[in-house]
Asks: 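Got a structure for you, questions after.
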Amino acid sequence: NAGVTQTPKFQVLKTGQSMTLQCAQDMNHNSMYWYRQDPGMGLRLIYYSASEGTTDKGEVPNGYNVSRLNKREFSLRLESAAPSQTSVYFCASSEALPRGVFFGQGTRLTVV
Amino acid sequence: DQQVKQNSPSLSVQEGRISILNCDYTNSMFDYFLWYKKYPAEGPTFLISISSIKDKNEDGRFTVFLNKSAKHLSLHIVPSQPGDSAVYFCAASAKEYGNKLVFGAGTILRVKS
């Protein structure tokens, strides 16, 4: 049972480059999330999708866009990467909040 | 301003002893609290939770205590084992905010054998 799968696991970008982080879940969950983890800051919500076809901003949405492609997939796009976006990014999904939030393994992104 | 605070960045405990991880929150609207555990290079995994209508929840070696008047919760691990060494995140949610999780900064627990 794969759960939540994120790709890639590691990425190095140059300032100004763009990229898309992919996320897919196989648990038939309605809700999906993107978090970033920074030292001393915990996990902060970037964007979330309560159900297929809807997306909403979280705590730190600036510099990011998202697409809920279908029920399984939720992607995060950095249009013009900045060093401040160096972080570990986690995708998560859930059915019955607040219980049962399942996380992927993370993507370690470095912007130089 | 952080609504969920874990003021101890790290904690070191001897194997077999009790580990106590603390968490404070500022928003009185929070009605559900969770602890997540994270190993290096892995995503956080759910450990234990508690509703605001309770003051204690126990699951094996793990017990969470909630003191609403003090806006404080703690996670007790008894006995501590080397495999418990990880980062522990406290999280809180509120129905009024769509039950989205708000996380603390995390506490690194090291259990020495």
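Below, chain A is the first sequence line, B the second, and so on; all start at residue 1. As a basis for the values below, the full set of heavy atoms in this structure was taken, side chains included, without hydrogen atoms, waters or symmetry mates. These numbers were taken from a predicted model, which means no experiment stands behind them.
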Asks: Is it true that atom CZ of B:Arg110 has more than 12 heavy atoms of other residues, nucleotides or ligands lying nearer than 6.0 Å?
Replies: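 Open.
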Asks: More than 12 heavy atoms of other residues, nucleotides or ligands under 6.0 Å from CZ of A:Arg77: yes or no?
Replies: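 More than 12 within 6.0 Å, yes.
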Asks: Grab the two heavy atoms, one from B:Ala105 and one from A:Gly40, that are nearest each other, plus how far apart they are.
Replies: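 For B:Ala105 versus A:Gly40, the nearest heavy atoms are CB-O, 3.4 Å.
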Asks: Hey, could you give me the CG/OG distance between B:Leu101 and A:Ser94, rounded to the nearest 0.5 Å?
Replies: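 One finds 8.0 Å between CG of B:Leu101 and OG of A:Ser94.
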Asks: Is B:Lys38 in contact with chain A via its backbone, its side chain, both, or neither, using a 4.5 Å heavy-atom distance?
Replies: side chain
Asks: Where on A:Leu43 is there a heavy atom nearer than 4.5 Å to chain B: the side chain, the backbone, both, or neither?
Replies: both
Asks: Would B:Leu47 end up clustered with B:Val111 when hydrophobic side chains under 4.5 Å apart are linked, directly or stepwise?
Replies: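 Both belong to a single hydrophobic cluster.
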Asks: So which residue, A:Gly58, A:Ala50, A:Cys91, A:Gly42, ends up with the most heavy-atom pairs under 4.5 Å with chain B?
Replies: A:Gly42
Asks: Before we go on, tell me: are the rings of A:Tyr35 and B:Phe103 under 6.0 Å apart, centre to centre?
Replies: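 Yes, the ring of A:Tyr35 comes within the 6.0 Å limit of the ring of B:Phe103, centre to centre.
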Asks: With respect to chain A, which residue among B:Ala41, B:Pro44, B:Pro9 yields the maximal number of heavy-atom pairs within a distance under 4.5 Å?
Replies: B:Pro44
Asks: Should A:Leu45 and A:Tyr64 be regarded as members of a common hydrophobic cluster, given that ILVMFWY residues are connected when their side-chain heavy atoms come within less than 4.5 Å of each other, either directly or indirectly?
Replies: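 Different clusters: A:Leu45 never reaches A:Tyr64 through Ile, Leu, Val, Met, Phe, Trp or Tyr contacts under 4.5 Å.
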Asks: Apply the test side chain to side chain contact (heavy atoms under 4.5 Å, CB included) to residues B:Thr45 and A:Phe103: give CA-CA distance (whole Å), side-chain angles for both, the deciding distance (0.1 Å), then the verdict.
Replies: CA-CA 7 Å; B:Thr45 56; A:Phe103 286 84; over 6 Å; no
Asks: Of the backbone (N, CA, C, O) and the side chain (C-beta and beyond), which part of A:Gln37 lies under 4.5 Å from a heavy atom of chain B, both, or neither?
Replies: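 The side chain, not the backbone.
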Asks: Check for me, please, whether A:Tyr47 and A:Met41 land in the same ILVMFWY cluster - side-chain distances under 4.5 Å, paths through other members count.
Replies: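 Result: no, two separate clusters.
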Asks: Does the B:Tyr36 side chain pair with the main chain of A:Val101, one donor and one acceptor, at a distance under 3.5 Å?
Replies: yes
Asks: Decide whether B:Val87 and A:Tyr89 are clustered together by the hydrophobic rule: side chain heavy atoms of Ile, Leu, Val, Met, Phe, Trp, Tyr closer than 4.5 Å, transitively.
Replies: no
Asks: From B:Lys100 NZ over to A:Ser31 OG, what is the distance, rounded to the nearest 0.5 angstrom?
Replies: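 The distance works out to 10.0 Å.
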Asks: According to a 4.5 Å side-chain heavy-atom criterion applied to Ile, Leu, Val, Met, Phe, Trp and Tyr, with indirect links allowed, do A:Leu78 and A:Phe90 form part of one hydrophobic cluster?
Replies: no
Asks: Working to the nearest 0.5 angstrom, can you tell me the gap between B:Gln2 CD and A:Arg44 CZ?
Replies: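 B:Gln2 atom CD to A:Arg44 atom CZ measures 8.5 Å (nearest 0.5 Å).
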